[in-house]
K.L.:
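Let me begin by handing over the structure; questions about it come next.
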Amino acid sequence: MPLSDLTLSVLIFLIFFVLAAFHFLLIREYAKQKRIQKKRLEDLELLVQQEIQRSRNLDQSNTTLKKIKKKTDQRLELIRLQIKSLDKNSGEAKL
C-alpha cells in the first residue's frame with residue numbers, strides 16, 4: 001500500500017524537524033561544554049598564579065633565611081675568635 005503524498009510530506013517534515021532539533025541540542029550542548037571548559041581553564045590559571053605567588057614567597061623566605069644564617073654564622077665565628085683570643089690571653093697571664 002503506497003503512502004499518500006500528504007503522509008510522505010508529513011514524514012519528511014518530521015525528519016527535518018527532528019534533525020533540526022538534534023542539531024539545536026548539539027549546538028546548545030557544545031556551547032555549554034565550551035563555557036564549562038572556559039571556566040575550568042580560568043580556574044586552572046588562577047591556581048597557577050597562586051602557585052607562582054606561593055613559590056615566590058617561599059623563595060623570598062628562603063633568601064631571607066639564608067641572609068639570617070649568614071649573619072648568624074659571621075657572629076658565631078666572631079664569638080669563636082673572641083673566645084679563642086680570651087683563652088690565649090688567659091694562658092699568657094698564667095705564665
Side-chain angles (χ1 to χ4, degrees):
M1 181 166 149
L3 295 174
S4 69
D5 288 340
L6 179 63
T7 308
L8 194 57
S9 297
V10 169
L11 284 175
I12 290 173
F13 173 76
L14 284 175
I15 289 171
F16 280 123
F17 177 76
V18 168
L19 286 174
F22 282 148
H23 188 69
F24 171 75
L25 292 174
L26 182 66
I27 289 173
R28 194 174 81 180
E29 184 63 25
Y30 173 77
K32 180 181 172 184
Q33 290 299 323
K34 191 172 180 179
R35 282 191 306 272
I36 290 171
Q37 183 66 15
K38 184 178 178 184
K39 176 73 171 126
R40 284 182 188 149
L41 288 174
E42 289 170 352
D43 290 345
L44 183 60
E45 184 178 358
L46 180 63
L47 284 174
V48 168
Q49 292 300 326
Q50 288 174 346
E51 183 62 25
I52 288 171
Q53 185 61 40
R54 187 191 69 79
S55 179
R56 283 182 185 151
N57 291 341
L58 190 61
D59 184 53
Q60 187 177 19
S61 296
N62 193 22
T63 303
T64 304
L65 285 175
K66 284 180 181 179
K67 288 178 183 177
I68 291 171
K69 183 183 181 305
K70 186 177 178 181
K71 284 182 180 179
T72 304
D73 287 344
Q74 288 172 349
R75 289 179 181 166
L76 283 173
E77 184 61 29
L78 182 61
I79 292 170
R80 282 187 203 112
L81 290 173
Q82 289 174 346
I83 291 173
K84 196 175 189 180
S85 174
L86 286 174
D87 287 344
K88 284 184 181 180
N89 287 339
S90 68
E92 290 175 5
K94 290 180 182 178
L95 292 173

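Because the structure is predicted, anything quoted here is derived from the model rather than measured. Only heavy atoms go into these numbers, but all of them, side chains included; no hydrogens, no water, no symmetry mates.
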K.L.:
Show me the donor-acceptor pairs, under 3.5 Å and distance only, between side chains in residues 64-74 and residues at least two apart or in other chains.
P.N.:
{"residue": "T64", "atom": "OG1", "partner": "Q60", "partner atom": "O", "Å": "2.9"}
{"residue": "K69", "atom": "NZ", "partner": "D73", "partner atom": "OD2", "Å": "2.9"}
{"residue": "T72", "atom": "OG1", "partner": "I68", "partner atom": "O", "Å": "2.8"}

K.L.:
For residues 40-58, please give each side-chain donor-acceptor pair under 3.5 Å, one per line with the distance, not counting sequence neighbours.
P.N.:
{"residue": "D43", "atom": "OD1", "partner": "K39", "partner atom": "NZ", "Å": "3.0"}
{"residue": "E51", "atom": "OE1", "partner": "R54", "partner atom": "NE", "Å": "3.3"}
{"residue": "E51", "atom": "OE2", "partner": "R54", "partner atom": "NE", "Å": "3.4"}
{"residue": "E51", "atom": "OE2", "partner": "R54", "partner atom": "NH2", "Å": "2.6"}
{"residue": "Q53", "atom": "NE2", "partner": "N57", "partner atom": "OD1", "Å": "3.2"}
{"residue": "N57", "atom": "ND2", "partner": "Q53", "partner atom": "O", "Å": "3.4"}

K.L.:
Supply the atom-to-atom distance K38 NZ to K34 NZ, rounded to the nearest 0.5 angstrom.
P.N.:
8.5 Å
K.L.:
Rest of the hydrophobic cluster containing L19 (Ile/Leu/Val/Met/Phe/Trp/Tyr, side-chain heavy atoms under 4.5 Å)?
P.N.:
I15
K.L.:
Could you work out the complete set of other residues in the hydrophobic cluster of I79, with links drawn between I, L, V, M, F, W and Y side chains under 4.5 Å apart?
P.N.:
I83
K.L.:
Name each donor-acceptor pair under 3.5 Å that joins a side chain in residues 20-29 to protein atoms two or more places apart or in another chain, with its distance.
P.N.:
{"residue": "E29", "atom": "OE2", "partner": "Q33", "partner atom": "NE2", "Å": "2.9"}

